[in-house]
Enquirer: 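Sharing a structure below in structure tokens format, with a few things to ask.
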Amino acid sequence: MTRLVYVLNGPNLNLLGKRQPQIYGHETLADVERDCRGAAAELGLEIRFHQSNREYEIIDWIHEAREVAAGIVINPAAFTHTSVAILDALKTFEGPIIEVHISNVHQRESFRHHSYVTLAASGVIAGFGTQGYTLALQRVARLIGEAK
Ligand code: DQA
């Protein structure tokens, strides 16, 4: 069984660290990737880490993950609240999907309270800062079982 997990990031997350640091913190996406790689090594997972500002690219990575991955960790960013297309793509994936939000979306504007992606997610982590990504990887590792 594969131990490959896709970690997918949506629009504007390339600006993490510079973008509204009072909300998203000072860590960059490169820091998040480094933390994810460290956690994955400890959990016996392999990861593919991607970010895009384009909806279709995220959909294409989900389709790719269908063929090769055991799980998906996804922060769809603003597409969370708008994208039926990303939801539909995630619905085609059979393994665990963990939705991550760095901020506590439930404490923010009401349009951030609704997530399409949640309809396909095994679980949601919100408001744990960038630590949410490594917590999500722990959960995926648990859901896919012990390393063989
Ligand atoms: C976010 C929350 C979204 O509402 C927002 O559009 C983002 C980031 C988060 O990680 O807290 O871009 O997904």
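Whatever order the structure lists them in is the order used to number ligands and atoms, beginning at 1.
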Enquirer: Picking from Val5, Ile62, Val140, what satisfies side-chain contact (heavy atoms from CB on, under 4.5 Å) with Ile72?
Expert: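 Looking at Val5, Ile62, Val140, the match for Ile72 under the side-chain contact (heavy atoms from CB on, under 4.5 Å) is Ile62.
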
Enquirer: Below 4.0 angstrom from a heavy atom of His81, which ligand 1 atoms are there? Numbered from 1 as shown, please.
Expert: 3 (C), 4 (O)

Enquirer: Assess whether atom CZ of Phe93 is packed by more than 12 heavy atoms of other residues, nucleotides or ligands within 6.0 Å.
Expert: yes

Enquirer: Nearest to atom 1 (C) of ligand 1, what protein heavy atom do you find, and at what distance?
Expert: His101 ND1, 3.7 Å

Enquirer: Output yes when Arg34 and Asp31 qualify as a salt bridge under the 4.0 Å nitrogen-oxygen rule, no when they do not.
Expert: yes

Enquirer: Could you tell me the residue and atom name of the protein heavy atom closest to atom 5 (C) of ligand 1, and the distance to it rounded to 0.1 Å?
Expert: Arg112 NH1, 3.3 Å

Enquirer: Ring centroids only, cut at 6.0 angstrom: are His26 and Tyr24 within range, meaning strictly under it?
Expert: no

Enquirer: What protein heavy atom lies closest to atom 11 (O) of ligand 1? Include the residue and the distance to one decimal.
Expert: Ser103 OG, 2.6 Å

Enquirer: Backbone or side chain, does any N or O of Leu13 fall under 3.5 Å from an N or O of ligand 1?
Expert: no

Enquirer: Distance under 4.0 Å to a non-hydrogen atom of Val105: what atoms of ligand 1 satisfy this?
Expert: 2 (C), 4 (O)

Enquirer: Count the heavy atoms of every other residue, nucleotide or ligand shown that sit under 6.0 Å from CZ of Arg139, and state whether that count exceeds 12.
Expert: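 No - once you tally the heavy atoms of other residues, nucleotides and ligands closer than 6.0 Å, there are 12 at most.
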
Enquirer: Under a plain distance cut-off of 3.5 Å, with no hydrogens placed, do Tyr133 and Glu33 share a side-chain donor-acceptor pair?
Expert: no

Enquirer: For ligand 1, find out whether one of its N or O atoms is nearer than 3.5 Å to an N or O atom of Asn75.
Expert: yes

Enquirer: Give the numbers and elements of all ligand 1 atoms closer than 4.0 Å to a heavy atom of Arg19.
Expert: 7 (C), 12 (O)

Enquirer: Asn53 side chain to Asn12 main-chain N or O, any donor-acceptor pair under 3.5 Å?
Expert: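 Such a contact is found between Asn53 side chain and Asn12 backbone.
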
Enquirer: Taking both backbone and side-chain atoms of Ile102, is any N or O found less than 3.5 Å from an N or O belonging to ligand 1?
Expert: yes

